[in-house]
Amino acid sequence: MANKYVYFFGAGGAEGNKDMKNLLGGKGANLAEMAGIGLPVPPGFTISTAVCDLFYKSRKRIPDEVKKEVAKNLARLEKALGQKLGDTTNPLLVSIRSGARASMPGMMDTILNLGLTDKTADALVAKTGNPRFVYDSYRRFVQMYGDVVLGLKPVNKDDIDPFEEIIEAKKAERGIHQDTDLTADDLKDLVARFKEAIKEKTGNRFPDDPMKQLWGAIGAVFSSWMNDRAIAYRKMYDIPESWGTAVNVQTMVFGNMGQDSGTGVAFTRDAATGANIFYGEYLMNAQGEDVVAGIRTPLPISELKKDDPKSYAQLEKIRHALEKHYTDMMDIEFTIQQGKLYMLQCRVGKRTAFAAIKIAVDMVGEKLISEKEALSRIEPDQLNQLLRPIFDLKEKEVAIKGGRLLVKGLNAGPGAATGRIVFNSVDAEAWEAKGEKVVLTRIETSPEDIKGMNAAEGILTARGGMTSHAALVARQMGKVCVAGCGELVIDYGKRTMSVNGRVLKEGDWISIDGTTGQVIEGKVNTKPSEVLQVLIEKTLAPAKAPVYQTFAKVMAWADKYRTLKIRTNADQPDQSANAVAFGAEGIGLCRTEHMFFGEGKIGPMREMILADTVEQRKAALAKLLPLQRKDFAGIFEVMAGRPVTIRTIDPPLHEFLPHEEKEQREVAAQMGLSFEKVKERVDSLHEFNPMLGFRGCRLGIIYPEITEMQARAIFEAAAATRKKGINVEPEVMIPLVGNVKELGLQEKIVRQVAEAVMKEQGIKFKYLVGTMIEIPRGAVTADEIATVAEFFSFGTNDLTQMTLGVSRDDAARFLVPYVEKEIYAKDPFEVLDRGGVGQLVRMAVEKGRRTRPGIKLGICGEHGGDPSSIEFCHLVGLNYVSCSPFRVPIARLAAARAAILNAPKTADKKPAKAKAAKPKKSAGKR
Ligand code: ADP
Ligand code: MG
Ligand code: MG
């Protein structure tokens, strides 16, 4: 058979299914799936995404072979229904719906009620005896067709839609306010006026041939793939242009046939909080997007129990059936036509990070999904939302008691946001670029606003429900959102908003609580999340913290499935304690130089640098020794036997001296030296390229007494900690090694000191000596280096700089354009460059293990907290990753997901074990 371009669904089966999203788009695939499992789906057919590509390749024409297939499927549809497009007794009406692989809510166009002409309208009046319904449908169709296919939709969003203008004029003439007050005759008149407007503005007549309408609409939907909104949306969510959209042609069902009809949207659970309740909104006697458009305020789905108990009960059943079938929370669209329920769409529902985590955890409890599945559904970065600040309740109470509560809206996107009011998307972006925190405040948002929403701390709208555009998009972005504050009067022209007589201007501060829906005038300070209150501040009992409990479950499961250990980068006891509370299993990088800046330390450090003789230097170092020892002891105690990797001094020495004359004079005075002496030393330490200069192990090689002092501080602290009965596991790490001889020289010093301290103190402790692999030569000669090093820690910040030949601090100017041009897919300092830097890491891992099979391998660069890089570390078989304390939970989850998603597929099922599979073997598969 030749290519198949069109897939039929409904009327007792479907040619497609939910797994065919690439071909049928999400909407088409799920319509087919729902029809396939026997849900009431109005029949129709899907023109595949492959046609979108052909459409653009043939200069926006639909190829003949596709046209033939469409005609065949249309005939099949007509036969199934006993209706015909354009028939003058029993006309078929259809909707033309876009639908890409990934859902792009509201980005592309849909046309309803296609097939209406003056003649078919008459036929439909005769058939239904409901002229108001017929002309309501007809005027909607002409309007949508005019906007979408004939291009009358205003480009500038301040301009009013020409059809809306005509409706407003009509309402004014008739002295009515609501669209619903328009009579059949009014609507009929609107149809005529709409058509006149079309003639006037385009020079063409509105097509009264339904087939012409059909091809026009199909072409327009394919064209909408390339409209500005869709393009902007794709950029933001990394959706490739090549995917294209499918087009669905579906039999119309009518929610606008009277009070026994209606339309709605719902989530099978609360998409904001994750609570297991049916969540949605509907309107009786309404069609299409009326519910989300914010024109009329919809009713909560629970009201439908009263309005139409039969349909409500059926929906409840479908809700459970869908969750069971898809094993996920679903977002559905439905229409009731004269008491009969139809399903018009379903897809996996977008949700807040909060909800994502709660739903995944709950569904494990409900035995819908496994722990592994739950973990693979939570993006590591989503955990951030559980760690994000909330309003300080006391402060909020004070604000409310002080009369600052302006209004309460819908709690559409949880969290706390405080910022300055801006009234449009462009301003939001501009203010944010200036470093302002803003709350984007709009009557309602539309797809044009996504950039501004992204720039804002939070989003506040006057109209629209829980499923309005603002709510949906905010949840997806993880933004705080309060929607549908009915009492809010926004004047875009004057740039003011007023509530009950109070007026706020652009730039005024406002605080919105997306968890409760409260909108408060002025700034309200935020405070740490529940998780932080339990773990870090220890001010909240776990039993009183449901969010924390959910978090704890996810963490426990993550720990069960991950193979990577998680350490932290910390150089102070309190940081280390926080990291341990977050689950860190050791310190992967303790930078010692930060310690030299502390109270009373910078003086001796400078003395050391300014010293002229070894004796002077040793005298200065002797002052530093007890200070460092105390710092290390504090860390060892907190870490209580967990491994602690301490790096010897790394930065160039001039970083410890001032560069301004005034400060140099101060230092000279303090040290009893001449200003010239200080200046001369600073000048002599000056380097053209400090990154590649006198730093790292080079310092310890030229001034061995520095390494000696640091080693002594470490080991004396270790001995003291051991004597307190606390275990210690120091790992001394020599930075910037490119040659095994460098490491050999430093190792000798460290080991000599260790032996001496053990003897002096009469106590034994374990310790390791290893190196950072951060110079390409170090990676390339890792087999040699491993003859000395007991561990490697990949310093991927420097390794990236030196492998790419890019200085991170100077790269902003070209690195952003580089990423835009896709030279690098992501900023290589954020996401490890697998193809380059990653190859060096892989090589060093292999060479290191060959020399020393038990060598410990970890990463301590910034990449240690990035989920994609963590996956890479898992794949190359590192033992641990190390990241900042607040990223530890994210790293735990990322490590578990890496293990789950890269597990050898057949491992648990196949009884025949071909090879004694070491988990590390899977590394080659990437
Ligand atoms: P979007 O992708 O923007 O959600 P849809 O294709 O889902 O656009 O169409 C929007 C709305 O139009 C639907 O939610 C539904 O209410 C209405 N609609 C679409 N097709 C039909 C149909 N065949 N019968 C009745 N209503 C329809
Ligand atoms: Mg839809
Ligand atoms: Mg480094």
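All ligand and atom numbering here is 1-based and tracks the order in the structure. Sequence positions, counted from 1, serve as the residue numbers for this chain.
Between F206 and F141, the distance separating the two ring centers is shorter than 6.0 angstrom.
The shortest heavy-atom distance from K27 to ligand 1 is under 4.0 Å.
Taken to the nearest 0.5 Å, the CG atom of N454 stands 8.5 Å off from the CD1 atom of I459.
Residue contact check: T263 has heavy atoms under 4.0 Å from atoms 16 (O) of ligand 1. Heavy-atom contacts of Q345 reach the following atoms of ligand 1: 4 (O), 7 (O) (cutoff under 4.0 Å).
The single protein non-hydrogen atom nearest to atom 27 (C) of ligand 1 is L344 CD1, 3.5 Å, given as residue, atom name and distance. The nearest protein atom to atom 8 (O) of ligand 1, hydrogens excluded, is given as T110 OG1, 3.1 Å; this is a heavy-atom distance. The protein non-hydrogen atom at the shortest distance from atom 3 (O) of ligand 1 is E289 OE2, 3.5 Å. Counting only heavy atoms of the protein, atom 16 (O) of ligand 1 lies nearest to G288 CA, 3.3 Å. Nearest non-hydrogen protein atom to atom 20 (N) of ligand 1 is S95 OG, 2.8 Å.
Rounding to 10 degrees, one finds that the Mg ion (ligand 2) sits at the corner of an angle of 100° between Q345 OE1 and E333 OE2.
Here atom 18 (N) of ligand 1 lies nearest to L112 when heavy atoms of T245, T251, L112, N256 are compared.
In this structure the side chain of R139 reaches within 4.5 angstrom of the side chain of I167, judged on heavy atoms. Residues S242 and D53 are not in side-chain contact: their nearest non-hydrogen atoms beyond the backbone lie 4.5 Å or more apart. No side-chain heavy atom of F9 sits under 4.5 Å from any side-chain heavy atom of E15.
For Y138 and D118, the side-chain atoms include at least one donor-acceptor pair closer than 3.5 Å.
When non-hydrogen atoms are compared, ligand 1 lies under 4.0 Å from the backbone of V253 as well as from its side chain. Residue E333 touches ligand 1 through its side chain alone, judged by heavy-atom distances below 4.0 Å.
No option in M144, Q143, R140 other than M144 meets the side chain to side chain contact (heavy atoms under 4.5 Å, CB included) test with L112. The only option from D308, T263, D307 that meets the side-chain hydrogen bond (donor to acceptor under 3.5 Å, both in side chains) definition with Y282 turns out to be D307.
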Trace of the side chain to side chain donor-acceptor pair (under 3.5 Å) decision for Q287 with N113: CA-CA 10 Å; Q287 186 177 44; N113 311 328; 2.8 Å; yes

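The shortest N/O to N/O separation between S98 and ligand 1 does not fall below 3.5 Å.
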